[in-house]
Amino acid sequence: MKRRNIVAGNWKMNLTVAESRDLVSAVLAEIGAGFCGCEVGVAPNFVALAETAGALESSPLFLAAQNCHFENDGAYTGEVSARMLLAAGCSHVIIGHSERRQLFGETDAVVNRKVSKALQEGLKVILCVGETFDEREGGITGDVVTRQVRAGLGGIAGIADLVLAYEPVWAIGTGKTATSEQAQEVHALIRKTVGELYGAEAAEGLRIQYGGSVKPSNAAELFAMPDIDGGLIGGASLNAADFAAIVRAAC
Ligand code: PGA
């Protein structure tokens, strides 16, 4: 049986609180009637989380944060913990996004600590992996992605509350999408790697999203691939009609 697709809008550092509330209303209006069995959520910035949680109440959408710290509290100026995210109404958190890794120096070890803490506190985790353009050109995509998966999951006992997102860095925000075959190849490798760590049954049940310039025009083809179980959507998630069209493609 095909896994239940999961689509999440990663709003990144966009939208004020009021703008976030407006976008949620527009998204709910757009997908309301045609809502199907797939799982859908949005990830606003930290300050918009509580307000967005209110706007999502009694809707089927989940609320995700875009990052969290690996401690619950303490002297970590500027950081937000998993415990705080739960209290603000989040059920999910995105960890290890390539922008965090590349622009904010997050290593595999830091990503792993965050995954561990978020799961321990009761959040569901969307763990992102993906190679850069140079790594793909250098023929080491498989090595990089396998390393990120193994390191990110180091010491994690179970993956029932985890979703992986394969996001080739060269495809993020660039308009260049991996072809469905390129994406499928890496998704299959990720599933194989997870199988080596947790067994075939757990790997079969794991959802693996694709992310990187997903649009209404390419979503259906990507989601039709056997190991692609929905998407992590950046730019297109800021437009309610486009996001709804992508959700419908995941139905
Ligand atoms: P994009 O971003 O859809 O704008 O390429 C995807 C992501 O970074 O999650």
Side-chain angles (χ1 to χ4, degrees), residues 5-15 19-20 23 27 30-31 38-46 48-49 52 61-68 90 92-106 111 114-115 118 124-133 135-136 141 144-145 148-149 152 162-180 182-183 186-187 190 207-223 225 228-250:
N5 280 333
I6 175 166
V7 176
N10 174 9
W11 293 356
K12 308 194 178 182
M13 196 177 75
N14 293 293
L15 309 178
E19 289 164 350
S20 300
L23 181 55
V27 164
E30 285 281 346
I31 66 176
C38 76
E39 209 175 326
V40 182
V42 293
N45 65 68
F46 285 139
L49 284 174
T52 308
L61 270 63
F62 67 79
L63 182 67
Q66 301 170 15
N67 179 29
C68 72
C90 290
H92 292 60
V93 61
I94 298 168
I95 294 181
H97 189 280
S98 65
E99 285 150 18
R100 300 295 320 165
R101 293 178 191 259
Q102 296 212 304
L103 306 175
F104 301 99
E106 285 191 17
V111 168
K114 291 182 173 197
V115 170
K124 295 184 194 316
V125 169
I126 297 175
L127 169 61
C128 304
V129 298
E131 82 287 1
T132 63
F133 180 77
E135 288 163 342
R136 176 160 282 264
T141 296
V144 170
V145 169
Q148 289 174 336
V149 169
L162 191 106
V163 171
L164 271 166
Y166 169 56
E167 299 205 301
V169 178
W170 49 272
I172 294 178
T174 58
K176 281 187 216 151
T177 318
T179 64
S180 43
Q182 279 174 324
V186 180
H187 280 237
I190 292 172
R207 273 95 55 85
I208 308 175
Q209 298 175 305
Y210 169 78
S213 299
V214 178
K215 310 181 261 287
S217 59
N218 60 23
E221 189 188 332
L222 285 159
F223 301 163
M225 300 310 279
I228 301 183
D229 310 305
L232 185 53
I233 320 300
S237 71
L238 296 172
N239 177 296
D242 284 353
F243 187 61
I246 292 168
V247 168
R248 279 191 290 274

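First listed ligand is number 1; within each ligand, the first listed atom is number 1. Nothing here was measured: the structure is a model prediction, and the numbers come from that model.
- By the criterion of a heavy-atom distance under 4.0 Å, both the backbone and the side chain of I172 are placed next to ligand 1.
- In terms of protein heavy-atom proximity, atom 3 (O) of ligand 1 is nearest to G234 N, 2.9 Å.
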Run the side-chain contact (heavy atoms from CB on, under 4.5 Å) check on L23 and W11 step by step: do they pass?
-> CA-CA 10 Å; L23 181 55; W11 293 356; 3.4 Å; yes
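- Of all atoms in ligand 1, listed by their number and element, those nearer than 4.0 Å to a heavy atom of N10 are 9 (O).
- Remark: side-chain polar atoms of Q148 are paired, donor with acceptor, to backbone N or O of G130 under 3.5 angstrom.
- At most 12 heavy atoms of other shown residues, nucleotides or ligands fall within 6.0 angstrom of atom CD in E221.
- Both tests pass for R100 against the ring of F104: distance under 6.0 Å to the centre and angle within 45° of the axis.
- Note: no N/O pair closer than 3.5 Å links T174 and ligand 1 by distance alone.
- For ligand 1, the atoms closer than 4.0 angstrom to any heavy atom of H97 are 7 (C), 8 (O), 9 (O).
- Heavy-atom separations between A171 and ligand 1 include at least one value shorter than 4.0 Å.
- Checking side-chain atoms of N10 against main-chain N and O of G234 turns up no donor-acceptor pair under 3.5 Å.
- Contact analysis puts S213 in contact with ligand 1, with a non-hydrogen atom separation below 4.0 angstrom.
- Ranked by closest heavy atom to atom 5 (O) of ligand 1, the top entry among G173, G231, G9 is G173.
- Protein heavy atom closest to atom 4 (O) of ligand 1, with residue, atom name and distance, is G235 N, 2.8 Å.
- Assignment of G212 to the shell around ligand 1 is supported, since a heavy atom sits closer than 4.0 Å.
- With hydrogens left out, the protein atom closest to atom 9 (O) of ligand 1 is E167 OE2, 2.7 Å, a heavy atom.
- Between H92 and F62, the two ring planes are parallel [angle under 30°; tilted spans 30° to 60°].
- In this model, a donor atom of one side chain and an acceptor atom of the other lie less than 3.5 Å apart for E167 and H97.
- Every residue meeting the salt bridge (charged side-chain N to carboxylate O under 4.0 Å, His left out) condition with E99, not counting sequence neighbours, appears here in chain and number order: K12.
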